[in-house]
Amino acid sequence: MADSGLLIDMRQIVKTYNEGEPSELTVLHGVDFYADQGEFVSIVGPSGCGKSTLMNLIGMLDRPTKGAYAFNGEPVYAKEDKELAAYRSQNIGFIFQNFNLIGRIDALQNVAMPMMYAGVERKEREERAAALLDRMGMGDRLHHNPNELSGGQKQRVAIARSLANDPDLLLADEPTGALDSKTGRMVMDLFHELNQELGKAIVFITHNPELAEETGRVVEMMDGRIAGVRQPGGAT
Ligand SMILES: Nc1ncnc2c1ncn2[C@@H]1O[C@H](COP(=O)(O)OP(=O)(O)OP(=O)(O)O)[C@@H](O)[C@H]1O
Ligand SMILES: [Mg+2]
């Protein structure tokens with residue numbers, strides 16, 4: 001366990017795509033990124049500046065070209081791929097702009113899926129999935145498939161799914177990007193609730209400056225570097 005309270009501790013992260021090929025492209029140039037346990041941080045910056053690339057690294061979906069990453073005090077890159085995948089599914093929940101739900105199964109089964117990989121038996125995972133959907137206000141849509149749900153409803157299913165294995169960290173990549181402003185507001189309110197009531201740390205990528213201002217810290221990226229860090233409405 002970390003005694004520092006740091007959940008994410010990334011140092012000097014470099015990411016180069018297509019290394020050694022003519023198309024080689026370095027998109028992160030030595031990024032230091034931190035987040036405390038239970039912190040709500042946003043990442044902003046122009047399209048192409050490297051936000052999703054950084055998010056994929058925070059989410060252990062990819063490995064950097066250089067750099068170190070400790071999660072909850074544990075060195076992430078010491079783990080082999082299979083161990084890392086299991087570690088990720090226990091510790092991190094993902095929410096994407098386009099929901100990434102599985103189309104042929106209902107809301108309940110979408111939310112139960114990550115628990116199946118975690119070895120939870122069927123009855124328990126379905127009960128927990130139903131409870132999570134109920135908490136998201138989706139208790140009357142358990143057996144609807146994604147194509148029978150509105151955008152806001154799909155995102156609530158995706159948020160319920162992100163909570164399936166009770167992770168410490170939620171990673172949201174433009175979660176309101178495909179929603180109208182009223183529905184986006186509702187999703188943002190859910191994030192505040194999960195942060196304040198369940199103590200989830202949240203890293204939130206957004207192109208919406210007003211939503212970023214609602215989080216505890218705003219990290220501004222530019223051309224693969226951290227260009228600035230602000231604490232809206234608080235001391236720096
Ligand atoms: N798998 C990949 N292979 C090669 N280049 C990539 C790959 N993924 C991303 N890139 C490049 O890396 C740069 C950063 O992309 P990234 O998706 O991280 O940007 P972003 O800040 O999330 O942008 P947006 O706001 O548009 O989502 C871009 O120039 C992109 O073309
Ligand atoms: Mg992106």
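Order of listing sets the numbers, starting from 1, for every ligand and every atom in it. Index from 1, following the sequence.
With values rounded to the nearest 0.5 angstrom, Gln109 atom CD is found 13.0 Å from Arg161 atom CZ. With rounding to the nearest 0.5 angstrom, the CG atom of Leu57 is 6.5 Å from the CG atom of Leu28. The line from CD1 of Ile92 to CE of Met55 is 10.0 Å long, rounded to the nearest 0.5 Å.
Nearest to atom 31 (O) of ligand 1 among the protein's heavy atoms is Leu25 CD2, 4.7 Å. The protein heavy-atom contact nearest to atom 18 (O) of ligand 1 is Thr53 OG1, 2.6 Å. Among all non-hydrogen protein atoms, the one lying nearest atom 14 (C) of ligand 1 is Gly48 O, 3.3 Å. Closest protein heavy atom to atom 10 (N) of ligand 1: Tyr17 CE1, 3.4 Å.
Placement of Phe96 and Phe204 in two distinct hydrophobic clusters is found when ILVMFWY residues are connected by side-chain heavy-atom separations under 4.5 Å, directly or transitively.
Salt bridge annotation for Arg141-Asp106: absent, with no cationic side-chain nitrogen under 4.0 angstrom from a carboxylate oxygen.
Checking each of Glu124, Lys123, Met116 against Val120 for a side-chain contact (heavy atoms from CB on, under 4.5 Å) leaves exactly one that passes, namely Glu124.
At a distance under 4.0 Å, a protein heavy atom can be found next to atom 22 (O) of ligand 1.
Judged by the shortest distance from any of its heavy atoms, Met221 lies outside the 4.0 Å radius around the atoms of ligand 1.
The proximity of Val27 to ligand 1, defined as any non-hydrogen pair under 4.0 Å, is limited to the side chain. Contact annotation: for Met55 versus ligand 1, there are no heavy atoms closer than 4.0 Å.
In terms of N/O distances under 3.5 Å, ligand 1 is approached by His207. Some N or O of Gly50 is nearer than 3.5 Å to an N or O of ligand 1, by distance alone.
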side-chain hydrogen bond (donor to acceptor under 3.5 Å, both in side chains) between Asp180 and Thr183, intermediate numbers included: CA-CA 5 Å; Asp180 63 58; Thr183 312; 2.9 Å; yes

